[in-house]
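In what follows, residues are counted from 1 in the order of the sequence shown.
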Amino acid sequence: MYEGLTAEQEELRVMVRAFFADTCPPAAVRRFAGDPPPGYDGKLWTRLTTELGLTSLAIPEEYGGAGCGVVELAVVCEELGRALTPVPYLATAVLAARACAGDARLAERLLPGIADGSLTATVVVDGTLTVRDDRLSGRASYVLDGDRADVVLVPVRDRLYAVRGDATGLGRRAHGAFDPTRPLATLVFDDVAAEPYDPPPYDPKDLAITTLAAEQTGGARRCLEMATDHAKARVQFGRPIGSFQAIKHKLADVLLTVESARSAARHAAWAADHDAARLPVAAALAGSYCTEAYLRAAAENIQVHGGIGVTWEHDAHLYFKRATSSAQLFGTPSAHRARLATLIGL
């Protein structure tokens with residue numbers, strides 16, 4: 001059972017938060033979101049790799065990594081969500097890197113490049129694909145960083161297939177995303193040559209849901225902090241609005257929701273490291289609760305800010321966009337609850 005962060009994990013969280021506060025302040029995110037996005041912030045990606053080594057965090061030492069687990073990845077993802085960091089960390093350093101765990105040949109091929117930041121990759125979590133003679137056909141929508149990844153990993157029929165980003169027959173079309181800090185793409189496979197490998201020890205989608213839940217928790221927590229700070233500073237009728245009972249109750253309810261979401265997300269990450277058999281249930285629970293927690297926190301943040309909260313000049317809309325797009329990424333809350341009910345036999 002998850003019992004909280006260790007001292008080392010808490011130090012990691014503090015270090016990552018300080019790094020993003022310096023390298024990715026809200027003004028930088030706003031500039032990135034306001035221009036035609038280049039996919040991700042290349043300069044930030046390089047600094048994240050070279051200065052902190054975050055891309056190598058959960059990669060085994062023999063491939064140039066630190067050998068940490070999903071809990072440490074979740075700590076980083078929580079801070080990524082808090083800062084709305086426009087980098088392909090979730091797709092490359094989390095999903096693709098962990099997908100290599102089931103086959104040493106794939107690990108040797110991809111992990112050194114992921115560790116040093118020279119290679120980006122993604123995993124097709126949802127798609128309608130068929131395979132024949134190690135050639136893929138079909139379509140996958142809303143693939144994280146799918147338009148720019150150097151390698152695309154595709155789980156089909158208890159195998160994991162690796163496809164080069166420039167493979168013949170692979171069509172990639174970027175979406176005009178609601179959240180410009182998170183590039184999504186549709187991939188079309190037309191008899192594309194793929195290399196087969198053994199699959200990871202657990203469903204990549206469960207890991208995707210788990211680490212996205214951590215990211216959602218970080219964003220939700222930041223929304224609560226923004227709303228609380230505003231309630232303390234904004235004065236009406238000679239009093240801070242935070243002294244009004246309606247605002248107090250609103251923020252207290254969001255606090256309870258956010259802390260519960262953090263527990264659900266961290267328990268799912270713990271299950272990925274220590275009890276893979278429990279991961280499907282833990283991921284479904286975290287996916288449902290953390291998604292709705294982020295949506296609620298983002299909406300209440302706007303409500304507490306009042307009129308300014310719905311303007312382009314305020315950062316609240318950036319979190320609302322991330323919360324809304326994340327709510328559709330790996331399944332809606334109702335889909336997670338339906339799966340949870342099936343898993344526990346309801």
Can a donor-acceptor pair be found, under 3.5 Å and without considering hydrogens, that links the side chain of [X] to the backbone of [Y]?
X	Y	result
Tyr89	Leu54	yes
Arg135	Asp191	yes
Thr122	Val152	no
Thr6	Gln9	yes
Ser137	Asp190	no
Ser288	Ala284	no
Arg98	Gly69	no
Asp273	Val71	yes
Thr55	Ile114	yes
His305	His230	no

Is any side-chain heavy atom of [X] closer than 4.5 Å to a side-chain heavy atom of [Y]?
X	Y	value
Leu110	Leu153	yes
Leu184	Gln328	no
Val94	Val76	no
Pro86	Cys24	yes
Trp45	Thr92	yes
Val87	Leu80	yes
Glu51	Phe19	yes
Val281	Ile344	yes

Taking all non-hydrogen atoms of both residues, which atom of [X] and which atom of [Y] are closest, and how far apart?
X	Y	answer
Ala271	Ala282	CB-CB, 4.2 Å
Tyr294	Gly81	OH-O, 4.4 Å
Ala272	Tyr202	O-CE2, 3.8 Å
Ala140	Asp126	CB-O, 3.7 Å
Ala286	Ala264	CB-O, 3.7 Å
Thr257	Ala293	CG2-CB, 3.4 Å

If I take atom [atom1] from residue [X] and atom [atom2] from residue [Y], how far apart are they, to the nearest 0.5 angstrom?
X	Y	atom1	atom2	result
Asn301	Leu251	CG	CG	9.5 Å
Thr217	Glu79	OG1	CD	11.0 Å
Cys223	Gln216	SG	CD	11.5 Å
His336	Ile209	NE2	CD1	4.5 Å
Leu119	Leu111	CG	CG	9.5 Å
Thr186	Arg139	OG1	CZ	5.0 Å

Using a strict threshold of under 4.0 Å (side-chain N to carboxylate O), is an ion pair present between [Y] and [X]?
X	Y	answer
Arg172	Asp147	no
Asp203	Lys205	no
Glu195	Arg109	yes

Determine, step by step, whether Ile302 and Tyr319 satisfy the side-chain contact (heavy atoms from CB on, under 4.5 Å) criterion, reporting the C-alpha distance in whole Å, the side-chain angles of both residues, the deciding distance to 0.1 Å, and the verdict.
-> CA-CA 10 Å; Ile302 291 174; Tyr319 289 89; over 6 Å; no

Neighbour count >12 (heavy atoms, 6.0 Å) for atom [atom1], [X]:
X	atom1	result
Phe320	CZ	no
Tyr142	OH	no
Gln245	CD	no

Between Arg262, Arg17, Arg221, Arg222, which is the residue that forms a salt bridge (Lys or Arg N to Asp or Glu O under 4.0 Å) with Glu78?
-> Arg262

Is it the case that Asp253 and His249 place a side-chain donor and acceptor less than 3.5 Å from each other?
-> no

Can Arg322 and Thr181 be counted as having a side-chain donor-acceptor contact under 3.5 angstrom?
-> yes

With Leu95, which of Val124, Asp145, Thr211 fulfils side chain to side chain contact (heavy atoms under 4.5 Å, CB included)?
-> Thr211

Can you get from [X] to [Y] by hopping between Ile, Leu, Val, Met, Phe, Trp and Tyr side chains that sit under 4.5 Å apart?
X	Y	answer
Leu340	Leu212	no
Leu329	Leu295	no
Val188	Leu129	no
Phe244	Leu255	yes
Phe237	Ile247	yes

Which side-chain N or O atoms in residues 154-169 pair as donor and acceptor under 3.5 Å with protein atoms at least two apart or in another chain?
residue : atom : partner : partner atom : Å
Arg159  : NH1  : Asp198  : OD1          : 2.7
Arg164  : NE   : Asp166  : OD1          : 3.0

Applying side-chain hydrogen bond (donor to acceptor under 3.5 Å, both in side chains) to Glu108 and not counting sequence neighbours gives none

Run the side-chain contact (heavy atoms from CB on, under 4.5 Å) check on Leu285 and His267 step by step: do they pass?
-> CA-CA 10 Å; Leu285 177 62; His267 172 70; 5.8 Å; no

Just do the salt bridge (charged side-chain N to carboxylate O under 4.0 Å, His left out) check on Arg105 and Asp103 with the steps written out, would you?
-> CA-CA 5 Å; Arg105 296 172 300 140; Asp103 195 308; 2.9 Å; yes

Does the side-chain contact (heavy atoms from CB on, under 4.5 Å) test come out yes or no for Arg234 and Ile308, once each step is laid out?
-> CA-CA 12 Å; Arg234 180 74 169 96; Ile308 194 174; over 6 Å; no

Does the pair Val29 and Asp315 meet the rule for a side-chain contact (heavy atoms from CB on, under 4.5 Å), with working shown?
-> CA-CA 9 Å; Val29 177; Asp315 295 332; over 6 Å; no

